[in-house]
Chemist: 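Dropping the structure in here first, questions after.
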Protein chains: 2
Amino acid sequence: MERTKIYDTSNARDEERLAYLAQVATMYYEEQKTQQEIAKSFGISRSGVSRLISEARARGVVEIIVHHPLKTNKNLEERLIRAFGIKDARVLRGRYESYQEVLAWVGKLAARYFEERLRDGMTIGISWGGALYEMIRAIRPREFRNVEVVQLIGATGAEATPTSGPILAQLLAERLHCRSYQLHAPLIVKEERARAALMQERHIKETLGRARRADIAIVGIGTTSPGYYSLVRAGYLSEEEAQEVRASGAVGDVCAQHYDLQGRWLDFPLNRCVIGINHEDLRRIDNVIGVVGGEVKAAAIHGALRGNYVNALITDEAAARKVLQLDGQRI
Amino acid sequence: MERTKIYDTSNARDEERLAYLAQVATMYYEEQKTQQEIAKSFGISRSGVSRLISEARARGVVEIIVHHPLKTNKNLEERLIRAFGIKDARVLRGRYESYQEVLAWVGKLAARYFEERLRDGMTIGISWGGALYEMIRAIRPREFRNVEVVQLIGATGAEATPTSGPILAQLLAERLHCRSYQLHAPLIVKEERARAALMQERHIKETLGRARRADIAIVGIGTTSPGYYSLVRAGYLSEEEAQEVRASGAVGDVCAQHYDLQGRWLDFPLNRCVIGINHEDLRRIDNVIGVVGGEVKAAAIHGALRGNYVNALITDEAAARKVLQLDGQRI
DNA sequence: ATGCTAATATCACATATGTGACGCGGTACC
DNA sequence: GGTACCGCGTCACATATGTGATATTAGCAT
């Protein structure tokens with residue numbers, strides 16, 4: 001609100017003033033000149049410069065950001081890696097107020113992790129979910145050569161909300177200045193036959209072919225817990241259907257493929273009505289990074305790790321502790 | 001294993017250090033404490049604090065940004081408004097190195113302009129193009145009530161590049177935390193009949209209905225000049241087809257509707273094969289903001305203004321001057 | 001021209017800051 | 001265990017900076 005004010009004033013006078021402040025501030029902060037030097041080059045008094053700089057800061061012309069590093073808990077990381085035989089883990093330190101806050105920070109951590117691993121020529125597969133959305137937001141734009149982004153699972157229809165749906169692959173591609181391949185198909189179809197038909201379609205076949213060859217897959221991990229079950233929230237399943245899913249032992253899903261607490265893939269219709277990569281192809285991808293936050297996801301994470309649906313995990317302390325507890329460890 | 005350990009410990013060390021630097025920097029820059037106070041509360045020497053702050057700046061933990069205001073040329077704005085009877089104009093001052101740079105700055109200017117005009121409850125229509133992409137990037141995220149974003153024209157297929165295509169509506173919706181309505185259809189079809197059929201489809205009909213009721217439309221202005229003709233660059237037209245288009249007098253397009261230098265809509269097949277809002281419906285929208293940069297676009301801008309396809313223009317000085325010249329004025 | 005007002009300069013001084021020189025204690029490495 | 005080095009503290013001092021009080025000027029309306 002305050003920042004908007006800066007640019008809002010259509011007054012030419014004020015525009016001049018702001019340009020002046022910005023120029024002085026640039027000399028001071030970016031060119032490291034002393035106030036004395038600046039005063040001389042503008043032919044004004046030194047104290048005037050001091051006051052101009054104060055004004056520039058007060059009016060938001062100068063913005064100072066402190067980047068706090070993301071601290072991780074090496075101990076929990078080590079334990080997760082050992083307990084589940086995964087390749088890597090990052091566990092964000094600290095406690096957070098809200099689920100949204102956890103997602104934002106885990107997303108940042110995941111973004112740094114991903115940035116460190118991305119190389120020219122890679123194919124990146126991506127599913128969807130709040131954590132991935134936050135991750136992509138936190139990725140710093142960079143140019144790569146021959147990188148491509150591929151959707152791993154189908155997308156919603158015309159009413160796509162920003163946090164879930166086909167936008168993620170595009171957003172990521174935008175950040176990396178590369179192209180993206182979408183799956184123009186619903187995530188879940190009503191009948192297995194419809195799925196079979198769609199899977200034969202040329203561009204779906206092609207995109208899924210690319211998905212299977214992904215060098216890195218970035219996936220969210222969903223829980224079937226009431227109130228947190230994405231497929232219900234996104235309108236794919238009714239609450240009754242969700243009950244059934246839970247009744248058959250499903251604790252979570254990766255790429256809409258459901259499994260139980262021990263990671264056993266569940267052979268029920270829902271798992272066979274998904275337009276997207278299947279659980280076996282997913283397991284064949286070298287690097288599958290699960291990005292997920294919050295204690296509520298613990299059971300789903302446990303299953304995902306036990307079932308080898310992901311082989312690297314980015315999460316927060318609370319979730320990590322609970323996962324290890326579920327695995328019978330004392331924390 | 002050993003290597004991992006080494007990597008991890010050095011990492012942990014550094015992480016600690018950065019956290020320390022960030023903490024000190026926060027106290028200094030955000031909480032406005034003096035170095036003396038900080039030294040006391042950490043139990044270190046004052047000169048140590050001074051050195052830590054230097055280190056924090058050198059290592060990028062502290063980032064200082066100076067926001068230069070966007071200066072505009074009121075004189076040229078006034079002349080454009082008078083010459084073409086448009087509602088408003090913003091003409092960015094200054095000369096720029098590259099076309100990309102012009103786009104980035106014009107985009108910023110357009111973003112500020114748009115932010116000032118956006119209100120709760122509005123429907124925003126959007127086409128595509130490099131300038132709009134830059135504009136959306138420059139929009140500061142904000143929450144609105146009942147705002148919706150609607151695509152004005154069809155989108156590309158699976159191979160969408162980030163700067164052009166269906167991503168723009170989604171990106172904008174993300175910035176405004178609102179929903180978006182896409183046109184899941186190609187921008188240009190081969191036959192008029194195919195267009196008629198598609199236009200009957202429910203969700204296309206519905207989205208275009210919303211588009212017609214837009215309170216603000218934000219559009220790029222395309223030129224047919226060789227090397228800059230977006231429809232060729234995006235693969236919709238071959239170079240031969242482009243030649244034909246130019247031969248029939250087309251200098252530019254708004255929402256893929258082509259017109260000549262005097263703004264006369266061209267009654268040729270291409271204009272009737274577009275899935276999107278038509279030129280007459282576009283003219284009925286209250287606020288159509290053209291966002292466009294670069295001298296090369298001058299003829300296209302002239303036509304767009306003469307033909308009333310846009311009624312507000314955001315552009316740069318070089319383009320504005322050339323447009324006025326084309327209109328027979330001395331600059 | 002005459003005031004009035006707001007912006008800026010001037011001056012003075014107390015602090016805050018940057019930095020070089022030097023020494024001490026801990027650590028990594030041989 | 002020795003040694004070289006690194007990080008940091010201490011001290012000292014030169015500058016840089018913030019700020020209050022007061023004078024001066026520019027712009028502006030009458």
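A, B, ... follow the sequence lines: proteins, then strands. Residue 1 opens every chain.
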Chemist: Report each atom pair, protein N/O against N/O of nucleotides 24-26 of chain D, whose distance is under 3.5 angstrom.
Modeler:
none

Chemist: How does protein reach along nucleotides 8-16 of chain D, written 5' to 3' as B (base within reach of a heavy atom under 4.0 Å), S (only sugar-phosphate), or - (no contact)?
Modeler: SSBBB---S
Chemist: Who pairs with A:Phe114 by side-chain contact (heavy atoms from CB on, under 4.5 Å), at least two apart in sequence or on another chain?
Modeler: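 If we apply the side-chain contact (heavy atoms from CB on, under 4.5 Å) test to A:Phe114, skipping adjacent residues, the hits are A:Leu118, A:Ile124, A:Met135, A:Ile139, A:Leu172, A:Leu176, A:Ile216, A:Ile218.
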Chemist: Can you name the nearest heavy-atom pair linking A:Asn311 to A:Ile86, along with the distance?
Modeler: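 Smallest heavy-atom distance, with atoms named: O-CB, 3.4 Å.
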Chemist: Measuring from B:Met122:CE to B:Asn287:CG, what's the distance to the nearest 0.5 Å?
Modeler: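 It is 7.0 Å, given to the nearest 0.5 Å.
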Chemist: Kindly state each residue pair satisfying side-chain hydrogen bond (donor to acceptor under 3.5 Å, both in side chains) with at least one member in residues 93-112 of chain A, sequence neighbours excluded.
Modeler: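 Passing the test, one end in residues 93-112 of chain A: A:Gln100-A:Glu134, A:Arg112-A:Glu115.
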Chemist: Which residues satisfy the side chain to side chain donor-acceptor pair (under 3.5 Å) test with B:Gln36, sequence neighbours excluded?
Modeler: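 Once residues adjacent in sequence are excluded, B:Gln36 has no partner under the side chain to side chain donor-acceptor pair (under 3.5 Å) criterion.
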Chemist: Could you tell me the separation between the NZ atom of B:Lys40 and the C1' atom of C:dT17, rounded to a whole number of Å?
Modeler: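 It works out to 17 Å between those atoms.
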Chemist: Return the value, rounded to whole Å, for the distance between atom NZ of B:Lys33 and atom C1' of C:dT17.
Modeler: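 Spelled out: NZ on B:Lys33 to C1' on C:dT17 is 18 Å.
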Chemist: Quick one: is C:dT17 close enough that its OP1 or OP2 comes under 4.0 Å of any side-chain N or O from B:Ser50?
Modeler: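 B:Ser50 to C:dT17 OP1/OP2: no side-chain N or O under 4.0 Å.
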Chemist: B:Glu295 versus B:Val102: any side-chain heavy-atom pair under 4.5 Å?
Modeler: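 They are not in side-chain contact.
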Chemist: Please check this pair: side chain of B:Glu77 against backbone of B:Val91, looking for a donor-acceptor N/O pair closer than 3.5 Å.
Modeler: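 Yes; at least one donor-acceptor contact below 3.5 Å.
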Chemist: Between the side chain of B:Asp316 and the main-chain N/O of B:Gly293, is any donor-acceptor distance below 3.5 Å?
Modeler: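 Between the backbone of B:Gly293 and the side chain of B:Asp316 there is no qualifying donor-acceptor contact (under 3.5 Å).
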Chemist: State, to the nearest 10°, the angle formed by the axis through the first five base pairs of the helix from C:dA1-D:dT30 to C:dC30-D:dG1 and the axis through its last five.
Modeler: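 That helix gives 50° between its end axes.
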Chemist: Above 12 or not: heavy atoms from other molecules or residues under 6.0 Å from NZ of B:Lys87?
Modeler: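 More than 12 heavy atoms, drawn from other residues, nucleotides or ligands, come within 6.0 Å of this atom.
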Chemist: Whole Å only: how far is the CZ atom of A:Arg57 from the P atom of D:dT19?
Modeler: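 Distance check: A:Arg57 CZ to D:dT19 P gives 11 Å.
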Chemist: Using 4.0 Å as the upper bound for N to carboxylate O, is an ion pair formed by B:Asp88 and B:Arg117?
Modeler: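 Yes, B:Arg117 and B:Asp88 are salt-bridged.
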